[in-house]
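Note that the structure is a prediction, hence the values are computed from the model and not measured. Numbering of residues begins at 1 and proceeds along the displayed sequence.
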Amino acid sequence: MTDVEATSWAAEVADLRERQRIAAKMGGEDAVQKQHDRGRQTVRERISQLFDPESFRETGSIAGRRDGSSFVPANTVCGRGTIDGRPVVVVGDDFTVRGGSVEITESGKTIYPEKLANEYRLPLVRLVESGGGSIKTLEAIGRTYVPANPGWDYLVSNLSTVPVVALAMGPCGGIAAARVSASHYSVMVRGTSQAFAGGPPLVARQGETIDKESLGGAAIQTRNGTVLDAVDSESEAFEQARRFLSYLPSSVYELPPRAELTDDPRRRDESLLSAIPRNRRKPHAIRPIIETIVDKGSFFEMGKNWGRSIVTGLARLDGWPVAVLSTDARYGAAFTADGARKTEWFADLAETFHLPVVHLVDQPGLPIGSEAERAGTMRYAVRATSAVYQASVPWCSIIIRRAFGVGGAAHSNAERVQIRYAWPSAEWGSLPNEGGVDAAFRSHIENSDDPAAERARLIAEMDAVRSPMLTAEDFGVEEIIDPRDTRALLCEFANLAAPLRRPGRSSWGFRG
């Protein structure tokens with residue numbers, strides 16, 4: 001042995017490289033092929049697609065366990081890389097090793113990236129594909145254990161500290177489904193990913209026979225808000241993650257970055273002048289209005305299938321990231337229980353990451369009737385209103401059509417200075433005139449000589465004071481505007497709001 005060989009660590013480095021080579025094979029060729037046959041990529045292929053080329057720096061590359069003389073790599077891959085040049089932490093389940101099942105003896109590798117993201121204030125992406133817990137753990141450790149969620153305090157803290165994205169890439173059971181939901185933005189891949197508290201075998205024990213897709217597929221989970229969005233391929237999921245992160249700071253201790261200016265802030269669109277039909281019973285399409293007033297191509301909608309009377313998304317105005325909240329014509333745009341829950345979630349998201357809010361208002365109020373009462377609509381509406389009133393970020397409301405009752409009152413915090421505009425098509429009050437007349441003058445109408453004529457007379461009398469111009473004369477609304485001026489005014493708002501944003505944690509934690 002030469003002197004150089006005696007002092008060199010080349011043999012140990014060679015051993016390290018061999019261990020890394022074995023770990024990189026994941027569950028082996030057969031398991032990888034089986035994963036591909038299911039139409040799903042491996043965790044390492046996913047990380048390669050998610051990050052900028054050659055930027056992934058793995059942590060725990062040789063973590064795993066000995067099974068006799070052979071080595072079984074951990075079924076979690078984690079580390080950091082860059083997305084559009086910005087450092088991001090990733091943790092991914094390896095389904096080729098024990099089906100990605102959560103194993104108590106390897107929980108440290110799942111917790112580590114949560115800690116890394118939290119303490120170094122970096123965005124976190126979870127690639128989730130796991131059956132959850134496994135009873136095989138009991139065989140491995142020789143005992144049972146009291147259920148716990150190791151590291152869950154970091155998951156909770158991260159929701160108030162850094163952007164968290166969760167991509168459901170395959171079956172996600174139990175704690176895996178919880179890790180998907182405990183995020184700011186979540187995506188499923190249609191047909192290949194599912195999320196549920198317990199899978200079909202467990203459900204069958206309760207007497208219900210059901211397949212994975214019917215139990216927890218995208219059609220189910222994006223309607224109830226457990227997961228926000230669904231796409232048709234894994235590559236689309238990665239693109240959604242990248243786009244979501246582009247609107248947000250790396251942590252709450254920074255401010256959302258301004259993008260390159262690509263659109264005229266004073267651009268006017270003639271279509272806005274007739275966007276709201278004169279016939280009050282005729283609906284309008286809100287998304288074309290949003291697309292017209294924000295920077296071209298910048299609207300990123302989230303949660304489209306959940307709480308569908310409410311539209312939420314991120315956009316840019318003169319390059320500044322903003323949170324856009326609006327109503328949709330579904331369910332008459334009423335403030336449903338799900339719509340209220342969605343509003344609360346979105347107000348919290350904007351507050352957490354210092355995003356000014358633009359609220360396009362067409363709110364007829366809370367739905368009425370026994371179904372609405374059984375859904376607890378009023379309770380959720382109160383929570384949503386509280387979230388709006390708690391928010392301290394700059395807030396601009398554009399009343400484009402209706403603002404009635406409890407739901408209408410939640411369009412902004414009336415105690416703050418109002419940056420608020422109304423279109424000539426706007427109308428407001430405690431109740432729409434038609435229903436209000438029936439409620440207030442019921443006995444009078446019924447006892448009149450001609451109830452139908454008297455009802456029509458009273459409605460006409462109320463219509464005479466319906467004009468928003470009369471409210472503006474009394475300074476009950478700050479300004480009536482030409483709809484075509486909306487973009488210019490919102491861009492002015494975004495520039496006024498930008499220096500008011502303050503980095504730091506909000507006074508309450510994001511609740512998800």
Residue pair Q240 / Y185, side-chain donor-acceptor N/O under 3.5 Å
yes
Whether the N495 and W320 side chains hold a donor-acceptor pair (N or O, under 3.5 Å, no angle test) is what I'd like checked.
yes
Ring centre gap for H184 and F353 strictly below 6.0 Å:
yes
Pairwise distance CG(D295) to CG(L261) - rounded to 0.5 angstrom:
8.0 Å
What verdict does the salt bridge (Lys or Arg N to Asp or Glu O under 4.0 Å) test give for R86 and D52, after you've listed the backbone C-alpha separation in whole Å, the side-chain angles of each residue and the deciding distance to 0.1 Å?
CA-CA 9 Å; R86 181 168 63 167; D52 297 340; over 6 Å; no
Could you check D318 against R258 for salt bridge (Lys or Arg N to Asp or Glu O under 4.0 Å), going step by step and ending with a plain yes or no?
CA-CA 8 Å; D318 204 21; R258 189 181 193 182; 3.1 Å; yes
Determine, stepwise, if the pair V88 / L50 fulfils side-chain contact (heavy atoms from CB on, under 4.5 Å).
CA-CA 10 Å; V88 174; L50 173 69; 5.8 Å; no
Applying side-chain contact (heavy atoms from CB on, under 4.5 Å) to L245 and V125, what does each step give before you reach the verdict?
CA-CA 10 Å; L245 291 173; V125 177; 4.2 Å; yes
Side chain D485, main chain I481, donor-acceptor under 3.5 Å:
no
Using every non-hydrogen atom in the two residues, find where V393 and E351 come nearest and quote the distance to one decimal.
N-OE1, 3.2 Å
Indicate whether any N or O donor in one side chain lies under 3.5 Å from an N or O acceptor in the other, for E213 and Q194.
yes
Are the side chain of T377 and the backbone of A372 linked by a donor-acceptor contact shorter than 3.5 Å?
yes
Apply side-chain contact (heavy atoms from CB on, under 4.5 Å) to D328 and I310, showing your working.
CA-CA 6 Å; D328 194 15; I310 300 294; over 6 Å; no
For the residue pair W395 and H359, categorise the inter-ring angle as parallel (less than 30°), tilted (30 to 60°) or perpendicular (more than 60°).
perpendicular
N/O donor-acceptor pair under 3.5 Å between T343 side chain and G339 backbone:
yes
The reported gap from CG in L202 to CG in L215 (rounded to nearest 0.5 angstrom) is 10.0 Å
dist H411:NE2 -> F404:CZ (nearest 0.5 Å) comes out at 12.5 Å
For the backbone of D362 and the side chain of R401, can you confirm whether one donor and one acceptor N or O come within less than 3.5 Å of each other?
no
Quick one: does NZ or CZ of R46 land under 6.0 Å from the six-membered ring centre of F238, within 45 degrees of the ring axis?
no
Less than 4.5 Å apart, any side-chain heavy atom of Q49 and any of E234?
no
For a quick test of reading the model, state the closest non-hydrogen atom pair linking L490 to C396 and the distance between them.
CD2-SG, 3.7 Å
Residues in salt bridge (Lys or Arg N to Asp or Glu O under 4.0 Å) with E301, at least two apart?
R287
Just by distance, with hydrogens left out, do S157 and N118 show a side-chain donor and acceptor under 3.5 Å apart?
yes
So does E129 get a backbone contact from the side chain of D93, meaning a donor-acceptor N/O pair under 3.5 Å?
yes
When you compare the side chains of D482 and W423, does any donor N or O come within less than 3.5 Å of an acceptor on the partner?
no
Would you check if there is a donor-acceptor pair between the side chains of W428 and T471 at a distance under 3.5 Å?
yes
Minimum heavy-atom distance between A315 and F299, given as atom pair plus value:
CB-CA, 4.1 Å
For residues W508 and D348, determine if any side-chain heavy atom of one lies less than 4.5 Å from a side-chain heavy atom of the other.
yes
Non-hydrogen atoms of M169 and S193 that approach each other most closely:
C-CB, 3.9 Å
Do R267 side-chain atoms and A488 backbone N/O form a donor-acceptor pair below 3.5 Å?
no
Taking the side chain as every heavy atom from C-beta outward, state whether I289 and H284 have any atom pair closer than 4.5 Å.
yes
Does the pair E254 and S251 meet the rule for a side-chain hydrogen bond (donor to acceptor under 3.5 Å, both in side chains), with working shown?
CA-CA 6 Å; E254 300 177 21; S251 79; 4.6 Å; no
Interatomic distance, CZ@F244 vs CG@L314, rounded to 0.5 Å, equals 6.5 Å
Heavy atoms, side chains only, cut-off 4.5 Å: are W152 and L155 in contact?
yes
Within 45° of the ring axis of Y253 and under 6.0 Å from its six-membered ring centre, is that where the NZ or CZ of R121 lies?
yes
Suppose the criterion is salt bridge (charged side-chain N to carboxylate O under 4.0 Å, His left out): which pairs have a residue in residues 337-346, not counting sequence neighbours?
D338-R341, E344-R383
Among T161, V89, V162, side chain to side chain contact (heavy atoms under 4.5 Å, CB included) partner for L122:
V89
Candidate pair Q418 and S412, rule side-chain hydrogen bond (donor to acceptor under 3.5 Å, both in side chains), full reasoning:
CA-CA 8 Å; Q418 297 270 36; S412 65; 3.0 Å; yes
Between V324 and T312, is there a side-chain heavy-atom distance shorter than 4.5 Å?
no
Q221 side chain to A218 main-chain N or O, any donor-acceptor pair under 3.5 Å?
no
Sort and list the pairs that fulfil salt bridge (charged side-chain N to carboxylate O under 4.0 Å, His left out) and have at least one residue in residues 269-279, not counting sequence neighbours.
E270-R484
Non-hydrogen atoms of R126 and S183 that approach each other most closely:
NH1-CB, 4.3 Å
What is the minimum heavy-atom distance between G504 and H354, and which atoms define it?
O-CE1, 2.9 Å
Report the C-alpha distance between E291 and K296 in whole Å, list the side-chain angles of each, state the deciding distance to 0.1 Å, and finish with yes or no for salt bridge (Lys or Arg N to Asp or Glu O under 4.0 Å).
CA-CA 7 Å; E291 295 279 3; K296 287 181 180 179; over 6 Å; no
Taking T327 for its side chain and V361 for its backbone only, find out whether a donor-acceptor pair lies under 3.5 Å.
no
Sequence neighbours left out, what passes salt bridge (Lys or Arg N to Asp or Glu O under 4.0 Å) with E478? Give chain and number order.
R420
Tell me which pairs pass salt bridge (charged side-chain N to carboxylate O under 4.0 Å, His left out) where either residue lies in residues 489-502, with sequence neighbours left out.
R266-E492
What's the separation between atom OH in Y247 and atom CG in L349, rounded to the nearest 0.5 Å?
13.0 Å
Can any side-chain N or O of D229 pair as donor or acceptor with the backbone N or O of G303 at less than 3.5 Å?
yes
Look at the side chain of N158 and the backbone N and O of E114, then say whether any donor-acceptor pair between them is shorter than 3.5 Å.
yes
So how far is it from R402 CZ to I276 CD1, rounded to the nearest 0.5 Å?
9.0 Å
Residue pairs passing the salt bridge (charged side-chain N to carboxylate O under 4.0 Å, His left out) test with at least one member in residues 368-377, sequence neighbours excluded, are none
Find out whether V165 and L124 are in side-chain contact, i.e. whether some heavy atom of one side chain is under 4.5 Å from a heavy atom of the other.
no
